[in-house]
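The sequence lines fix the lettering, A, B, ..., with proteins before strands; numbering per chain opens at 1. Quick caveat, the model's predicted, so the values are computed rather than measured.
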Amino acid sequence: MKAGRRDDFPRYSRGPGECPEVKYLRLFVKRVKLYEIHQEIFRCPTGFIPEIRRHRNSITETSGLSDFLNELNEVQRGAVTATSGPVMVLAGAGSGKTRVITYRIAYLIRNEGVSPSNILALTFTNKAAGEMRHRVDSLLRHGSAGGLWIGTFHSIFARLLRNYIDLLGFSRNFTIFDADDSKSLIRQSMTELGISHDSLPVNTVQGMISRAKNSFVLPGEFQRSAGDYNRQKTAQIYELYSRKLKENNALDFDDLLIKPIELFNLHPEVLEELQEMFHYILIDEYQDTNRAQYLVAKMLGARRRNIFVVGDDAQSIYSWRGADITNILNFQDDYKDVCTFKLVENYRSTGNILKAANSVISRNVRQIKKELISNRNQGEPLTLMEAQDERREAEKVGERINSMRMKQEYEFGSFAVFYRTNAQSRVIEDVMRRLRIPYRIFGSVSFYKRKEIKDAVAYLRFILNDRDAESLLRILNFPPRKIGDVSITRLREFAEDKGITLYQAIIRADEGGFQQRLVNALGSFAGVIEKLREMSQGATVYEVLSELFTLTSIPLLLQAENTAESLARYENLQELLSMARDFSDHNPDGNTLGDFLENISLASNYDEAQDSDNYVSLMTVHAAKGLEFPVVFITGLEERLFPLNSYEPEQLEEERRLFYVAMTRAREKIFLSWAQTRYLYGQPHYCLKSMFIGEIDSSIVQKESGTYLSELAGKEKTDTGQSLTEFQRRQQQASAPALPETMQKKQLDAIRKGTMVHHAVFGSGTVLDVQGSGSKQKVRINFRSAGEKTLMVQYANLSVQR
DNA sequence: TGATGCATATTTTTT
DNA sequence: ATATGCATCA
């Protein structure tokens, strides 16, 4: 993400008297007309006189804006023009959320004379940031949005940290570690601490650390509050991991959010400076903010309190990543004088689609009630498709796409197929290919996560930051230089002995008493690095990368291998090369190696711009958020898949929101589908229809035969789950009798630590421990009469006791 | 040191 | 089914 120019950034050393506000702005107060639209929709404390800051030069031009505001409905207009003090906009799906933010920014600049560089707009995705910038740009005269701070939380704070991080003991050329890098560092930390990866999986630790960071719990506090054994171990790992990050002069994604908070706490003068900088703060997708983001936004906005948040609690689907739905639910408590606007007029979907979505989401308890109102016609009913298995399901989807494309005026690009888990995409993909339907999968392995790309990028990273040992280890023996694990271990010992970094050890390898062959290899490696580093001072990223490829012959090696895979990798490297060239061309004022790397680190695989080709879109429901399609297929609507194993009410509510997001993507038509059996991890499983199907108003759901579900109400009531409460349904499912032979394993998932089980020979006992999974799963059980035994789940024929 | 087979673990993942 | 990490052998 590129936003603004580096040089409009305030220097830390600059005194407060010189801040831009004093230079360009003067203050005056204006009474803003309060919009009295449906009291419920818009409430604002009475007697509230907003303070407005204006740009000296544009005070006069207020009239030209009326046309611009006419493009908004009343509530939207209210949200755009209430420019002072805290504002919350609850924007239902398809209600013109982005429009409100962009118009508000344009309004601030054009009408209120705010300087763009005093506005900070935070988003979650690069795509959203890009779109926002683009739309603001086209609302304003070209160029007048320059200096605007629009970007993702991560990219904006990465930029801020580049200027201040020396205050925290990092240097400004820090590397941003992605999830893989940090996993590997965590793994290292665990090994050093002698903590077995089996008893405490790396993924778990990574999750716990990330969650701690997202909640702004630092290692010290984590340690203090660590209750059980695993958490205590994790506390140690967290501590060591943080130290290692510092040694590497690296920040992980979460650090980009919490380091600013640490910085502000330690250096209030920096915070003040930024508070003087950002007069207006706007946050998109506020329901997805985690605690760290919440804190940092609150700190930045504390002085002027011009904080504007847009979100929809019903679309909060990232709680498992630390998003804290209470941030939006409690916004009104945090800012007592908040103006709240509810956007409920939906411009996207037909009446039936909204009716369906409303009927589903209304079952959630934790929510801010709001019902979307359609301004379109009723449209078609939803269609429910049942298939024997997932293959047949995919075929039905494909056949529908083909027939609708023939009959009606839909093109491939009108269709989207959603699924809950990525694993489901494979079959769909197969079938699409067979039916010759052009498709595109969103969110498969990210370009930047591919090995060859990561290797090349690791070189670039290391050139910039020679403390980045993670990258160093990646490239030291790639391409192979006969520097193996043994040599690396020795090298590390040598480095530790001398108290120098690994790279310094490489440079001084001749002092280490290593084999001459190794010294030579290390020397030639260092030669490559030094040469590239020198070059990187003046040359473009493209030139450095080309030189890298020449010096290391990585592309040549791949070409020589001449397998389909190696050639694909070769192509990817070429792609990287042309990306480097594009980058230099498109970012004339920020195209250093560091800029390029930051861009790569913070890019994601969902960012790719939609090209003009005409294809069906395949993606997970998560990836679909923020998009819309005329026709939507929601597949795999089965219990334990969608909703995915969620017995806790909170999780179930999140699954329901996810389903809500899926439905509200559709403009004209929704197909719901489920399969009676499905392969899961290579094992066939019988499936039950998802409870969500039964939650939709049955008068607008048609079977393929054309019968409405409401007509079947008497016969199939229990089947659709409609007459059952959620609780009853869960109960029924938990005790679902006699799943067929192959299904038993699934049911045995219920066996975990503490479960009471019964065994034909040993009698009853308590599960102490579960090891492994699948057909090799074993359990350790303490039997009341027979004592402790370890049994294979597969053969033990255990039954769960309640 | 590199290649090969074996065991293991598989939600979602804006950055 | 499939990818990934880990241990063992050539």
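- Evaluation of the side chain to side chain contact (heavy atoms under 4.5 Å, CB included) rule for A/Ala624 yields A/Phe418, A/Met619, A/Arg665 as partners, not counting sequence neighbours.
- Within the structure, salt bridge (charged side-chain N to carboxylate O under 4.0 Å, His left out) pairs that include any residue of residues 673-684 of chain A comprise A/Glu393-A/Arg678, A/Glu638-A/Arg678 (at least two apart or interchain).
- Within the structure, every side-chain polar atom (N or O) of A/Asn290 is placed at least 4.0 Å from both OP1 and OP2 of B/dT14.
- Between A/Met132 atom CE and B/dT14 atom C1' the separation is 13 Å, expressed in whole Å.
- The side chain to side chain contact (heavy atoms under 4.5 Å, CB included) test applied to A/Ala394 returns A/Val427, A/Ile428, A/Val431, not counting sequence neighbours.
- Residues satisfying the side chain to side chain donor-acceptor pair (under 3.5 Å) criterion with A/Arg434, sequence neighbours excluded, are A/Glu395.
- Closest to the A/Asn422 side chain, of the nucleotides B/dG2, B/dT14, B/dT12, is B/dT12.
- Atom NE2 of A/His622 and atom P of B/dT11 are 13 Å apart (whole Å).
- In this structure, the CD atom of A/Glu648 is 15 Å from the C1' atom of B/dT11, given to the nearest Å.
- Taking atom CD1 on A/Ile441 and atom P on B/dT13, their separation rounds to 12 Å, with Å as the unit.
- Taking A/Tyr286 as the reference, A/Phe331 meet the ring pair (Phe, Tyr, Trp, His ring centres under 6.0 Å) condition, with sequence neighbours excluded.
- Note: CG (A/Leu658) to C1' (B/dT13) measures 12 Å, nearest angstrom.
- Ring-base stacking between A/Trp320 and B/dT12 is satisfied, the centre separation being under 5.5 Å and the plane angle under 30°.
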Where protein sits on nucleotides 1-10 of chain C, one letter per nucleotide: B base, S sugar-phosphate only, - none, heavy atoms under 4.0 Å: BSS-------
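- Remark: C1' of B/dT13 and CE of A/Met619 are 15 Å apart, rounded to the nearest angstrom.
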